[in-house]
Amino acid sequence: MPEEKIVDARDTFCPGPLMELISFMKRAEIGDQLELLSTDEGSANDVPEWISKVGHELVSNEKIDDVWHIKVRKAK
Amino acid sequence: MKILFVGGGMGGTIAANNVARRLSKEIRSGKVEITMLSATDQHWYQPGLLYVAFGKMALTDICRDQSSLLEPGIKFFVDPVEEFELKQNQVRTKAGVVHSYDMLVIATGCEAVYDEVPGLKESSETPYTRDGAVAMFKKLRDFEGGKVAVVVGVPHKCPIAPIEITFMLHEFFEKRGIRDKVQLQYTYPIARIHNIENIAKWAIPEFERMEVDYETFFNMKEVDVDNKIVHSEEGTEKEFDLLVTVPPHRGLQVIEDNNLGEAGWIPTDRYSLMMNDQDNVFALGDTTNLPISKTGSTAHFESEVIGENIASLYRTGTATREYDGKVYCFIEADRGRATNACFNYIDPPEIKAPTKSMHMLKMSYNQWYWSSARGLL
Ligand SMILES: Cc1cc2nc3c(=O)[nH]c(=O)nc-3n(C[C@H](O)[C@H](O)[C@H](O)COP(=O)(O)OP(=O)(O)OC[C@H]3O[C@@H](n4cnc5c(N)ncnc54)[C@H](O)[C@@H]3O)c2cc1C
């Protein structure tokens, strides 16, 4: 069964949301989905850019009350 | 009350000493008992490994007997925990001894793992292990020139190290008079050259001055050992004559085997530092799953919170402090200079121009650390 996880990377500067996502992807199985919560302006762009570079899937990317909710799925 | 510390590294030691001093009377009268279990009788000051790798310190400079660092009331055993039986409030050790507790603090750290990147171990140098730091110095000393690549695994402890290693490589080769024969290449896993934006902004002009090439979005996939090429997950590659790595890390296997946390990272509340779903278990330092820097300074500031809270829980039944995410890092630069970064969950660091006095302060801290571990600083 694919897993769905939330990683709360709000209000933290280091290692930051994308590093958290990379760590998650290394451990995840194909099909697993992650919702990354971030207050870091840059991650709204950096995360989708990395996802497309390595060939995973961006499910959604929306800002709700100053928090980005970025959903991604491990595709390979 | 029985308080048990598992792990005698930076976090476990500072926290245990903190509690022992706060509750010294109660320990003397036998009302409180503090026990520490660790995997070794030695205490390693890991930040010193960076200096060992550049020939500036020896391994003997960065190690002390663990028992010499502990407050007299702490019972210390070298007997690693193999089973955590949280429901029974007890742990079972390698020697088969069962230790029960009223409060447990887990500070087992994390360790470099190479199995995720085929070819990395046999082809790279690293300051992240004791053998690695000694071997790295020998390689650097004998290096005659060529392509040097710095590659960074995720996650890793000491997030400042990739930047510091690069400055130190530049300075080392400059001092040896072969900098013009060395092509220094830095890579980093995310979109900028450091995850902290202000550090990245500060470091870019410094890297340009030192003629360090850099590539972002570079996550190691595998190393072609024969042809000396690192391939990235992003589809790019780096050729090297000398490969220096900050390896990927994991929490300890014993944490994962006991189902305390995936990949050895213990789910922890970022303010109370209590393990999730537990009311008498704290997690501390590198082993937490908190999205914050895995550094000794983090472990130190967390220890102060845990020390105060354990004492107040004992006395009043209530915790008094929350951890605010404070981290303080020195950042070694070149030419005998350093700067620093201080931040918490809310405020990012402001990075000032490096100075010689900040470098001297870091060199002094490398000696003072032992007082800091004892809780005197
Ligand atoms: C090259 C390098 C440079 C660094 N530079 C800096 C720096 O400049 N500034 C900074 O703040 N930090 C730095 N760090 C990071 C810092 O050393 C760590 O973040 C810090 O040691 C974490 O403390 P800890 O107590 O969580 O873990 P550790 O200090 O690693 O301690 C873990 C302890 O757990 C024990 N243990 C393991 N298994 C068991 C078991 N089963 N049962 C009982 N005990 C067990 C071990 O023996 C050890 O005593 C650096 C690290 C490295 C490698």
Side-chain angles (χ1 to χ4, degrees), chain A residues 1-58 61 65-70 72-76, chain B residues 113 115-117 152-160 188-192 194-200 216-221 232-236 248-251 256 262-265 267 269-271 289-295 298 324-325 327 329 341-349:
Chain A
M1 269 294 281
E3 274 194 54
E4 282 202 37
K5 278 215 158 159
I6 295 181
V7 167
D8 185 354
R10 288 177 292 174
D11 295 331
T12 148
F13 300 105
C14 180
L18 182 49
M19 288 279 203
E20 293 294 331
L21 175 66
I22 294 170
S23 299
F24 170 81
M25 283 302 190
K26 285 188 353 184
R27 303 199 300 263
E29 303 284 336
I30 292 173
D32 284 355
Q33 187 170 304
L34 174 80
E35 180 172 355
L36 188 65
L37 307 184
S38 166
T39 43
D40 170 45
E41 189 86 41
S43 48
N45 298 321
D46 296 350
V47 170
E49 191 179 344
W50 183 73
I51 289 293
S52 96
K53 268 182 193 288
V54 293
H56 296 306
E57 191 185 328
L58 182 70
N61 183 3
D65 297 334
D66 291 333
V67 176
W68 278 271
H69 295 245
I70 309 171
V72 298
R73 189 173 297 125
K74 181 162 170 132
K76 55 174 226 187
Chain B
V113 283
D115 53 353
E116 293 172 5
V117 185
V152 180
V154 180
H156 56 266
K157 58 181 152 188
C158 193
I160 303 294
Y188 203 65
I190 63 166
R192 53 187 181 231
H194 194 265
N195 45 28
I196 298 179
E197 197 172 357
N198 286 347
I199 293 182
T216 54
F217 282 132
F218 192 97
N219 284 280
M220 289 178 270
K221 185 178 182 189
S232 78
E233 295 282 354
E234 292 78 5
T236 56
H249 282 70
R250 285 167 79 94
E256 187 156 26
E262 204 187 322
W265 310 121
D269 181 88
R270 61 162 75 183
Y271 301 111
N289 77 336
L290 293 178
I292 56 172
S293 312
K294 296 196 181 299
T295 69
T298 308
D324 64 358
V327 181
C329 294
C342 187
F343 52 100
N344 58 28
Y345 289 138
I346 306 294
D347 300 313

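The shown structure was predicted, so the numbers you read here are calculated from the model rather than taken from an experiment. Chain letters run A, B, ... following the sequence lines, proteins first and then strands; every chain starts at 1.
Between A:Pro15 and B:Pro159, every side-chain heavy-atom pair lies at or beyond the 4.5 Å cut-off. Between A:Ile22 and B:Ile190, some side-chain heavy-atom pair lies under the 4.5 Å cut-off. At a threshold of 4.5 Å between non-hydrogen side-chain atoms, the residues A:Phe13 and B:Glu197 do not count as touching. Within the 4.5 Å cutoff, no side-chain heavy atoms of A:Arg27 are placed close to those of B:Glu116.
Within the model, atoms CG of B:Asn219 and NZ of A:Lys53 stand 11.0 Å from one another, a figure rounded to the nearest 0.5 Å. Rounded to the nearest 0.5 angstrom, A:Asp40 CG and B:Ile196 CD1 are separated by 11.0 Å. Distance check, rounded to the nearest 0.5 Å: CD of A:Glu49 to CD of B:Glu234 gives 10.0 Å.
Atom CG of B:Asp115 is surrounded by more than 12 heavy atoms from other residues, nucleotides or ligands within 6.0 Å. For B:Lys221, the NZ atom is loosely surrounded, since the number of other residues' heavy atoms within 6.0 Å does not exceed 12. Annotation: A:Glu57, atom CD; neighbour count of heavy atoms from other residues, nucleotides and ligands within 6.0 Å is above 12.
Of the atoms belonging to B:Phe343, it is side-chain heavy atoms, and not backbone ones, that fall under 4.5 Å from chain A. At a 4.5 Å heavy-atom cutoff, B:Asn198 makes no contact with chain A through either its backbone or its side chain.
Under the salt bridge (Lys or Arg N to Asp or Glu O under 4.0 Å) criterion, A:Arg10 pairs with A:Asp8, sequence neighbours left out. With sequence neighbours left out, the salt bridge (Lys or Arg N to Asp or Glu O under 4.0 Å) criterion links A:Glu35 to no other residue.
Across every non-hydrogen atom of A:Asp46 and B:Phe217, the tightest pair is O-CZ, 3.8 Å. For A:Asp11 against B:Arg270, the heavy-atom pair with the smallest separation is O-NH1, 3.5 Å. Considering all non-hydrogen atoms of both residues, A:Lys26 and B:Pro248 come closest at NZ-CB, 3.6 Å.
Each of B:Ala191, B:Pro348, B:Pro155 has some count of heavy-atom pairs under 4.5 Å with chain A, and the biggest count is that of B:Pro348.
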